[in-house]
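Read the structure below first, then the notes.
Per chain, numbering begins at 1; letters A, B, ... match sequence-line order.
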Amino acid sequence: MSRLKPLDTVVQAATVDLFRHYGVSVAPVPRNQPNKSKPIVPENSAMISFNSRPLTGVLSLSIPEGVFSMIKHDASTVPQPRDLIRELTNQLLGRVKSRLLHFQVVLNVGLPTLANADIVQHRLQRSATVRLFEFRTLRGDILVSLDGTFDETQLRYTGSGNHGNEGDVILF
Amino acid sequence: MKKILVVDDSETIRQQVSRALEQAGFASIEAGDGVDGLEKLSSNEVSLVILDVNMPLLNGLDMLERMKNTPATAKVPVLMLTTEVHQAMIQRARQAGAKGWIIKPVKMQDLVAAVIKLTS
């Protein structure tokens, strides 16, 4: 099995932690399994751009319909899948950004936008630099992709540093 | 009943926060971006603003700074609710006059506890 690069580890951990927060257990699919060249893109997708000196590109998150029913939410609210996928994509990149601070990388991020599965599929097929991450759930596979320019030689792990973590409530 | 303005471009987050606040005895109004937020703020008596950072039209930090530079809204406490974790951004909000910074995703009981503390 090939060794994961730092960015891969960051994305996998961020995805697992994000869905754990919402009560959904996800299991990363080993990246060297066969048939990785033709992933099936789930129907609900959103994308968000990011840039920094070593890392520039777009992150996409695609979720099958069945996974939405597994996501914990207040019983009195009914999240709309189109809004929820945007927010989950935003939160996923937030977690990636948080972890990259440990490598002294400060990402500037855009706003999440909806994308249909065909657009994501097209991006995945035409890009030579795309990295795919699949996660098994009880209701289908989640797909995360990173497409862009990544110079991981500039990533230097320096520890947790002085910044917040997900769930922190900091009162001034 | 104290009224809380929830400003976030995600309807899911606005709903989730509003319901949690209503269950704790607050009234809530919602806005989808900073421009909408300033408009709602000018036409409502608000006890506290919960404010996202990354939003279209006018982001949360810019809305915060405009609020604090406007005498009518300068004293309304603001609690930032965002995925952003970088100290420079947190310090910018603090210097602009925010009362707190909450990093998404957050447990609603933690958020409500902070709102109660800041409005009591």
Side-chain angles (χ1 to χ4, degrees), chain A residues 14 17-23 46 48-50 52 68 71-102 104-114 160-172, chain B residues 8-23 30 32-33 50 52-57 59-60 77-118:
Chain A
D17 285 353
L18 175 67
F19 282 93
R20 183 190 296 135
H21 175 86
Y22 287 103
I48 187 167
S49 63
F50 56 88
S52 65
F68 285 111
I71 292 174
K72 279 197 302 188
H73 58 86
D74 187 306
S76 64
T77 62
V78 184
Q80 299 301 311
R82 290 166 61 87
D83 185 66
L84 185 54
I85 183 70
R86 283 178 63 252
E87 182 58 25
L88 288 173
T89 305
N90 183 42
Q91 292 188 12
L92 176 58
L93 188 57
R95 284 177 179 259
V96 170
K97 180 175 177 174
S98 168
R99 283 162 177 75
L100 286 173
L101 288 172
H102 300 179
Q104 301 302 302
V105 173
V106 180
L107 286 187
N108 298 306
V109 303
L111 293 170
T113 56
L114 287 172
S160 57
N162 180 27
H163 59 82
N165 294 301
E166 298 86 7
D168 280 358
V169 176
I170 304 163
L171 296 182
F172 303 142
Chain B
D8 197 303
D9 59 336
S10 166
E11 185 184 358
T12 303
I13 295 293
R14 293 198 306 269
Q15 280 188 359
Q16 192 181 20
V17 172
S18 293
R19 295 304 158 270
L21 291 170
E22 286 161 11
Q23 285 165 8
E30 300 177 11
D33 57 62
I50 294 175
D52 186 18
V53 171
N54 295 320
M55 294 185 292
L57 300 181
N59 73 48
V78 177
L79 199 46
M80 309 304 291
L81 176 63
T82 176
T83 59
E84 296 287 351
V85 297
H86 197 228
Q87 269 300 325
M89 212 172 263
I90 297 173
Q91 287 309 315
R92 181 181 160 193
R94 184 176 190 168
Q95 285 167 3
K99 292 292 186 188
W101 188 278
I102 297 180
I103 302 170
K104 295 177 185 174
V106 65
K107 291 177 183 168
M108 284 300 113
Q109 60 264 38
D110 293 343
L111 184 146
V112 169
V115 171
I116 290 171
K117 188 170 183 179
L118 291 173

Side chain from CB out, backbone as N, CA, C, O: work out which of these in [X] comes under 4.5 Å of a heavy atom of chain A, or both, or neither.
| X | answer |
| --- | --- |
| B:K99 | backbone |
| B:A113 | neither |
| B:M80 | neither |
| B:I90 | both |
| B:E11 | both |

Separation of [Y] [atom2] from [X] [atom1] (nearest 0.5 Å):
| X | Y | atom1 | atom2 | answer |
| --- | --- | --- | --- | --- |
| B:I102 | A:E166 | CD1 | CD | 14.0 Å |
| B:T12 | A:I85 | OG1 | CD1 | 10.5 Å |
| A:L84 | B:Q16 | CG | CD | 9.0 Å |

**OP:** Between chain A and each of B:K117, B:K107, B:E84, count heavy-atom pairs under 4.5 Å; write down the option with the most.
**Re:**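 If we count pairs closer than 4.5 Å to chain A, B:E84 comes out on top.
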Original post:
Quick one: of B:T83, B:L118, B:I103, who has the most non-hydrogen atom pairs under 4.5 Å with chain A?
Top reply: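 Sorted descending by pairs with chain A, the first entry is B:I103.
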Original post:
For A:V169, is it the side chain, the backbone, both, or neither that has a heavy atom closer than 4.5 Å to a heavy atom of chain B?
Top reply: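 Contact with chain B is through both the backbone and side chain of A:V169.
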Original post:
Within a strict 4.5 Å, meaning less than it, do heavy atoms of the B:I13 and A:D83 side chains meet?
Top reply: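 Counting from C-beta outward, B:I13 and A:D83 never come under 4.5 Å.
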Subject >> Which atom of A:E87 lies closest to which atom of B:K104, heavy atoms considered >> reply: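 So the minimum-distance heavy-atom pair works out to OE2-NZ, 3.3 Å.
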Subject >> Closest non-hydrogen atom pair between A:Y22 and B:P105, with its separation >> reply: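 Answer, listing the atom of A:Y22 first, then B:P105: OH-CB, 3.7 Å.
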Original post:
With sequence neighbours left out, what residues match A:L111 under side-chain contact (heavy atoms from CB on, under 4.5 Å)?
Top reply: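 B:D9, B:N54, B:P56.
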